[in-house]
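One structure is given below, encoded as structure tokens.
By convention in this document, chain letters (A, B, ...) are assigned in the order of the sequence lines, proteins followed by strands, and residues within each chain are numbered from 1.
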Amino acid sequence: MYQTTRQITRHVTTAHLAVTMSLLSLTNGELREEIDRELASNPALELVEERHCPTCRRILPANGPCPVCSQSPSSDLSEPLVYVSPREDFYNGRSEDRDEDDSPDDPFSSSTEELPAYVLRQVAPDLAGQDRRIAAFLLSHLNEDGLLTIELVEAAFYFHVPMARIEAVQRIIQRADPVGVGSITPQQALLVQLDVLGETCPAPELARRAIKDGMDLLSRRQYPDLARVLRAPLRQVMAAVKYISENLNPYPGRSHWGDVRQPGAANVQVYQRPDIIIGYQNDDPKKNLFVEIIMPLGGTLRVNPMFKQAIQQASEEKRDDWRADLERASLFVKCIQQRNHTMQRLMQRVAGLQRDFILHGEKHLKPVTRAQLSLELEVHESTISRAVAGKTVQLPNRKIVPLSEFFDRSLNVRSLLKDIILQENHPLSDTELVEILQKQGINVARRTVAKYRAMEGILPAHLRRPSC
DNA sequence: CTATGGCACGGATT
DNA sequence: AATCCGTGCCATAG
């Protein structure tokens with residue numbers, strides 16, 4: 001990323017900007033990788049030890065009390081508190097956040113961290129020697145969803161065996177208990193599940209084609225489009241979709257499809273660890289909104305002071321190299337700080353603006369654009385874009401949504417529309433829906449209502465049940 | 001004839 | 001400069 005250290009020392013400001021920008025667009029997982037890389041290659045950089053908060057177990061900032069637990073009386077309840085929170089567990093450990101609904105420890109249950117072992121136990125008897133090692137290798141690269149995080153070719157390269165051999169092992173793994181485990185993509189997992197299910201009782205053939213040829217549309221719930229691609233009537237496609245969502249699971253490592261907490265709105269998109277968490281201080285809804293910007297670290301990053309001293313006694317030829325290292329380390333630390341600062345300011349403003357959305361749901365989202373925010377924060381538009389892109393936020397109700405949702409121009413209208421249709425006792429046509437929306441002060445074209453419906457996966461009026 | 005989806009255009013957003 | 005979004009017009013299905 002920045003090998004040319006000489007130039008950097010000369011053009012500090014330019015480099016500073018460039019690095020900060022690229023860091024800004026990283027999610028916490030990617031950021032951690034970047035930090036690890038830098039930490040490994042630069043001896044001048046160091047990670048100072050962590051201090052845990054005794055009550056909430058969060059890692060504390062370099063000095064000062066835990067901002068989550070400290071009872072600082074806040075003067076203005078409408079102003080959210082924003083805090084950059086170093087939390088190692090968000091990178092490689094287990095999340096402590098969902099501990100309420102964790103099942104009691106059962107040595108024989110297949111909990112998340114035991115998934116690889118659980119599967120290996122099943123497949124091991126069928127495999128000999130090398131194949132067993134291949135299986136173990138593959139299983140050690142599963143993510144929480146039960147999908148592989150590496151390509152099969154990597155395994156083939158690692159073991160010096162042909163791809164076919166790896167694929168054969170993978171096929172055996174995929175048919176083990178969480179059926180579909182060890183697939184590369186959700187699509188592959190679904191297909192395997194369909195195969196296994198089809199052995200006992202036949203599955204609709206349309207379901208297979210939907211997954212194979214229309215996975216993209218399927219996951220985006222664009223059913224009318226899907227029907228067109230498959231050249232099948234919408235009714236049949238809907239039946240196939242129903243079959244898929246009731247019997248198959250694109251993420252074999254998870255027991256349920258979508259968000260369990262909100263059974264009404266099944267979300268096909270599943271995100272992993274959020275980059276930002278919004279909640280309340282001490283989980284008390286009467287307190288301020290509390291925004292945590294997650295730093296995937298177990299401590300604080302800084303320039304190693306010992307290294308500075310060591311330079312004095314360094315030999316003539318090494319001194320220049322070390323100086324460069326030092327320079328790069330301090331640049332890196334500064335850039336990280338800059339990134340966090342920007343994120344902090346951004347979230348401060350966003351949380352303030354979208355307070356109603358955070359507390360009361362999609363209907364209360366205000367249409368805010370990135371451009372607008374860039375004016376208020378006095379940064380370039382692209383800075384906001386980078387900061388927002390690809391990041392996810394956990395809301396107080398534990399739902400994880402993309403940060404870009406905070407800038408969705410039409411989400412509030414779509415959600416209102418969803419409500420109206422949910423409460424209708426007679427299927428309303430698009431034109432009728434337009435009129436109802438107009439009474440609520442929202443002006444949209446008939447065509448637009450149709451699009452919103454499609455986005456929400458709601459069928460046209462004549463295909464909807466009168467009752468539900 | 002009515003309800004809806006497809007295509008394409010223009011303006012806003014990124 | 002590229003992309004997304006709302007909309008109008010037209011074709012098609014029922």
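Residues A:Glu205 and A:Arg208 are not paired through a salt bridge, judged by the lack of any N-O separation under 4.0 Å between the basic side chain and the carboxylate.
For A:Ser410, a side-chain nitrogen or oxygen approaches OP1 or OP2 of C:dG6 to under 4.0 Å. Remark: A:Tyr452 is in phosphate contact with C:dG6, judged by side-chain N or O atoms under 4.0 Å from OP1 or OP2.
For A:Lys212, there are no salt bridge (charged side-chain N to carboxylate O under 4.0 Å, His left out) partners, not counting sequence neighbours.
With no hydrogens or angles considered, no side-chain donor-acceptor pair links A:Glu381 and A:Ser374 at under 3.5 Å. Between the side chains of A:Glu362 and A:Asn412, not a single donor N or O lies within less than 3.5 Å of an accepting N or O.
Ring orientation note: the planes of A:Phe357 and A:Phe406 are nearly perpendicular, at an angle over 60° on the 30°/60° scale.
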For each nucleotide in nucleotides 3-14 of chain B, reading 5' to 3', give B when a protein heavy atom comes within less than 4.0 Å of its base, S when such contact involves only the sugar-phosphate, and - otherwise. -BBBBB----SB

